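Reviewing the structure listed below.
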Amino acid sequence: MSARDDVLAAVRAALRDGDRPAVLVDRAYRDRDPLPAGADVVDLFAERVADYRATVTRCAAGDLAATVAAVLDGAARVLVPDGLDLDVPGAVPDEHLSAADLDALDAVVTRAALGVAETGTVVLTHGPGQGRRAVTLVPDLHVCVVEAGQVVRGVVDAVAALDPARPQTWVSGPSATSDIELDRVEGVHGPRRLHVVIVDPAG
Amino acid sequence: MRVAVMATCLGDAMFPDAPRATVRLLRRLGVDVEVPQAQTCCGQPMVNTGYLDEAVPLVRTTVQAFAGYDAVVVPSGSCAGSVRHQGRLVAERAGDDRLADAVADLAPRTYELSEFLVDVLGVTDVGASFPHRVTYHPTCHSLRMLRVGDRPWRLLSAVRGIDLVELPRAEECCGFGGTFAVKNADVSVAMGSDKARHVRETGAEVLVAGDASCLMHVGGLLSRQRAGVRTLHLAEVLAATADDPAGVA
Amino acid sequence: MPRTFVGMPPFPVAAREALADPQLRRNLAHATSTIREKRARVVAEVEDWEDLRVQAAAVKDDTLAHLDTHLLALEAALTARGATVHWARDASEACRVVGDVAAGHGIDEVVKVKSMATAEIGLNEALAERGIAAVETDLAELIVQLGEDLPSHILVPAIHRNRAEIRDIFRRRMSAAGRAAPDDLTDQPAELANAARLHLREKFLSARMAVSGANFAVAETGTLVVVESEGNGRMCLTLPEVLVSVVGIEKVVPTFADLDLFLRLLPRSSTGERMNPYTSTWTGVTPGDGPQEVHVVLLDGGRTRALADSYARQALRCIRCSACLNVCPVYERVGGHAYASVYPGPIGAILNPLLHGVGSDPTTDSLPYASTLCGACGDVCPVAIDIPGILVHERTKVVDAHRADARPKAEALAMRAAAWGLADARRTGLAERAAALAGRLPLGRGMPGGRRGLTWLPFPGSRWTGARDLPTPPAESFRAWWARTGRDEGPGVAGGREDRR
């Protein structure tokens, strides 16, 4: 017998004791608001992103380009993925750059698929405007633009909105470790700086 | 209401002041208590060490001894927990449906002392007087198996003259753990030593808990350390009055 | 040579050695108290935490009850998305699959995401035998690997090391493995983390193959999930051409939507954060993004043995958060090495006997007894595993496995004798009277409160009296007191006493 057949047979033998009734899962938790009563979803998102030592800037739609330029603070080598829909002067496109090429960059500017207020998380699904996974990983500064309307209340809403067929990266603050005496230190292998720009709706 | 006291094997043989104080306290509160003479041990030491077969006759003895009472009051969180939660395992092991029924019948009638006082009698001020500095260790099985919560603390708070001080890291296990205390004596002593240190930090004269077993362990360490702290069962403090200050006689 | 857990002594012996190390005690006390507080704070934020635990347990139980169906669905979904699925009955088969993939590409160095499954199967050692170096990229795993040490915690395998020890390991050992640590490295955590960043960056940028585990595998879609903090996981899952993930068969969840429970429960239980810095999901091969050759090894490795235990199979709900370790007073004092497994602490004390079986290895058999049954572990478990209940259940299995022994242990004889004596109240009363007589001997010394206490007993009583006084038996048992006076004692019982008996 193959390993596959053996493992499946062992699973079936192990479960022979019962009639395998379905165990009911009560999904009422999906209807409960994960946020404190009265909390503003975007305010809380901004607060909780900042809790994990990401920098947060909020701006009006019309000020986005200037805000991003200020955030980049003169970073010399900036990458922008296709479909960013934002003018970043001097930025280079992602043209089959190797990991070493990416390592030579200072920063990357992307958009996100959504933001999660409950946890202060931005989620990338690596489509247009977000770049393939490596481009938001290797450069040391990740500037991530999130529209206020993209912020969902909780993890439940985020999971429901996302397409599992797409690769996803959930980012909550910059790279961090607690491996030394369980003290949290920001900045290990991923971007050591995460700057989230929240674009408030016009007017 | 017919109320029986379960002395527990340890209370009966080694720490009779705890069940005696339980009897005295309940009588003072107007409860007509009985002590079934057929009782011995709930079987917990065997169950928790893995000796289920050996526990069968003890569970049988226990359900027979306490048949017919409306309430069984136990001055021990872990023994009450064993009666409520472990008897079923033993009956299943014995393959004895009648024993299983008897166990299921006894479980909801069984109360740890503070549960009986607060939930059944509805009292938190039991009229006790104990003018001493006291700290309280909430034992694991009363806390996490029975979920007695702050009932013992509320009972102690109402005692006249008591100087009740919080024990640092109170909810951490003292390290007794039944046969753990000898099978893993070194770890048990390490945990107990930390508990004893926290007790000494409070400056209390008396360490109180609802389980004689945990008190035997921590008290044994405190005695060895000549810490000058005595241990008393919760029942002994609650039984003490201005007229009968010993509460332990 | 790295140490291994093989041949380690039973828990009480290993624990005694660990207890003798005051530095270890301090490191563990500091680390576990830090993480306990963080966890408590973020768990308190979630009002329906208890319900989430119950529902997550239900999802896992339902999955386990239909595990064969879900595994086949997972295999089909992965295959449809361009992944190659392998099955492994045991550790050596899983190691062989990983080694074969590397060898097939002529690869002699792989980068690794922290993974309990690959630690469990001893992958690094197996690859080393084939001339393939496995580079641990999680900071704590790197500390353990460079120190030729053993992991002692599920989340933070180097929890037994403090910052000064870590600096020493980096300074002495990093150069042999690649980029050396800076000469002026201090013991500041930020500097230590940066040294690891520089050391590993060249590994990431040149790696051709990565090995990972998975926190979750979604049957319906073939999506794998890795939850991490440092970004080493993202590096491994993104940059190399070839990715092999070793996944225990119990990691399956039915649907992507089910993650809305686990992604809330795991980070808060594990690192004490609302969300860990990085969670990566991938579904087979994504053209133009990440590894273009993806393998998944589905590992049994004793899981079907655990599954066959209809009560204890709930241990397979475990999502490896390590909350039970952090609250365990036994773990806090002895650390992880005494459990002789990559799975230490309360979950290790049940998982190892369940995966390997009991009755043959004294070290495994000692693990269910490595607990006071205080219940703290069960209370924090995010998937509501009844760890104390399973500890007792596994103890029963250990005892039963030895019932037919030709020479029963002293403990078994003592339990039988005690059960005989306690089965009948008259026998108990006689024993108590004998003890009371012995208690009148002028032994020991006074204890606070007036009792006399024994300060010395011969073995095995010395296990008690080594550090604890033991009160001598009272002059009168409760039973004897009741028989003598109890029925008539006390005020306030004038009525009703006559018809009591």
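To find a chain, count down the sequence lines: A is the first, B the second, and so on, and within it residues start at 1. Note that the coordinates shown come from a computational prediction; the quantities given were computed from them, not determined experimentally.
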Under 4.5 Å heavy-atom distance to chain C, tell me which part of [X] shows up: side chain, backbone, both or neither.
X: Arg4(A); answer: both
X: Pro174(A); answer: backbone
X: Glu186(A); answer: neither
X: Thr177(A); answer: both
X: Asp26(A); answer: both
X: Ala134(A); answer: both
X: Leu162(A); answer: both
X: Ser98(A); answer: neither
X: Val185(A); answer: side chain
X: Asp157(A); answer: neither
X: Val135(A); answer: neither

If you count heavy-atom pairs under 4.5 Å with chain A, which of [options] comes out on top?
options: Leu139(C), Thr34(C), Thr32(C); answer: Leu139(C)
options: Thr304(C), Leu200(C), Thr279(C); answer: Thr279(C)
options: His66(C), Glu93(C), Glu141(C); answer: His66(C)

Check this for me, if you would: do [X] and [Y] make a salt bridge, where the nitrogen-to-carboxylate-oxygen distance has to be below 4.0 angstrom?
X: Glu191(C); Y: Arg167(C); result: no
X: Arg184(A); Y: Glu273(C); result: yes
X: Arg264(C); Y: Glu118(A); result: yes
X: Asp43(A); Y: Arg58(A); result: yes
X: Asp179(A); Y: Lys114(C); result: no

Less than 4.5 Å to any heavy atom of chain A: does that hold for the side chain of [X], its backbone, both, or neither?
X: Arg201(C); answer: side chain
X: Thr137(C); answer: backbone
X: Leu198(C); answer: neither
X: Ser280(C); answer: both
X: Arg81(C); answer: side chain
X: Asp258(C); answer: both
X: Leu239(C); answer: side chain

For [X] and [Y], does a side-chain donor sit closer than 3.5 Å to a side-chain acceptor?
X: Glu165(C); Y: Asn27(C); answer: yes
X: Trp87(C); Y: Glu75(C); answer: yes
X: Tyr29(A); Y: Arg27(A); answer: yes
X: Thr223(C); Y: Thr283(C); answer: yes
X: Asp63(A); Y: Thr67(A); answer: no
X: Asn162(C); Y: Arg26(C); answer: no

TODO: Kindly indicate, with the supporting measurements, whether the criterion side-chain hydrogen bond (donor to acceptor under 3.5 Å, both in side chains) is fulfilled by Asn326(C) and His153(C).
DONE: CA-CA 9 Å; Asn326(C) 300 329; His153(C) 190 275; 2.8 Å; yes
TODO: Show your working on side-chain contact (heavy atoms from CB on, under 4.5 Å) between Asp106(A) and Asp140(A) and close with a plain yes or no.
DONE: CA-CA 6 Å; Asp106(A) 296 316; Asp140(A) 212 16; over 6 Å; no
Task: Heavy-atom side-chain proximity of Arg48(A) to Thr119(A) below 4.5 angstrom - done: no
TODO: Can you label the angle between the Phe262(C) ring and the Phe216(C) ring as parallel, tilted or perpendicular, going by 30° and 60°?
DONE: tilted
TODO: Count the heavy-atom pairs under 4.5 Å between each of Asp103(A), Asp51(A), Thr121(A) and chain C, then report the option with the highest count.
DONE: Asp103(A)
Task: Positions in residues 49-58 of chain C that reach chain A, provided some heavy atom is under 4.5 Å away - done: Asp51(C), Leu52(C), Gln55(C), Ala58(C)
